[in-house]
Peer 1: 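Sharing a structure, written as structure tokens. Questions coming.
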Amino acid sequence: MPETLASIKGTLDAQVGKNLTVVAQAGRKKTTERKGILRETFPAIFVVDLNQDENSFERVSYSYTDVLTKNIEIDFED
């Protein structure tokens, strides 16, 4: 069953405040892995507060389209 932007947003809405790992495509054969907390969801984007020990900036935002097109992968820690 294909996912929709609304179903992706609904899934992320239920996970606000939880730890996650985001693996993003950073170009040809390159990926970046960032760990943080899902802080907020908005109609078109969601915001991740990053761990300051591992990253030089505080937060990053992604669109639900990035998840749909598999430009990023999200893994929640249980």
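A quick note: this is a predicted structure, and the numbers were derived from the prediction, not measured.
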Peer 1: For residues 32-47, run the donor-acceptor check on the side chains, cut-off 3.5 Å, and write out each pair with its distance to 0.1 Å, sequence neighbours left out.
Peer 2:
| unit_1 | atom_1 | unit_2 | atom_2 | d |
| --- | --- | --- | --- | --- |
| Arg34 | NH1 | Tyr62 | OH | 3.3 |
| Arg39 | NE | Asp49 | OD2 | 2.7 |
| Thr41 | OG1 | Asp13 | OD1 | 2.4 |

Peer 1: Atom OG1 of Thr65 and atom CG of Asn71: how far apart are they, to the nearest 0.5 Å?
Peer 2: 9.5 Å

Peer 1: Are any non-hydrogen side-chain atoms of Thr4 and Tyr64 less than 4.5 angstrom apart?
Peer 2: no

Peer 1: Go through the steps to decide whether Gln25 and Thr31 satisfy the test side-chain contact (heavy atoms from CB on, under 4.5 Å), and finish with yes or no.
Peer 2: CA-CA 5 Å; Gln25 299 295 324; Thr31 59; 3.9 Å; yes

Peer 1: Can a donor-acceptor pair be found, under 3.5 Å and without considering hydrogens, that links the side chain of Ser7 to the backbone of Glu3?
Peer 2: no

Peer 1: Please set out all donor-acceptor pairs under 3.5 angstrom arising from side-chain atoms of residues 17-24, sequence neighbours excluded.
Peer 2:
none

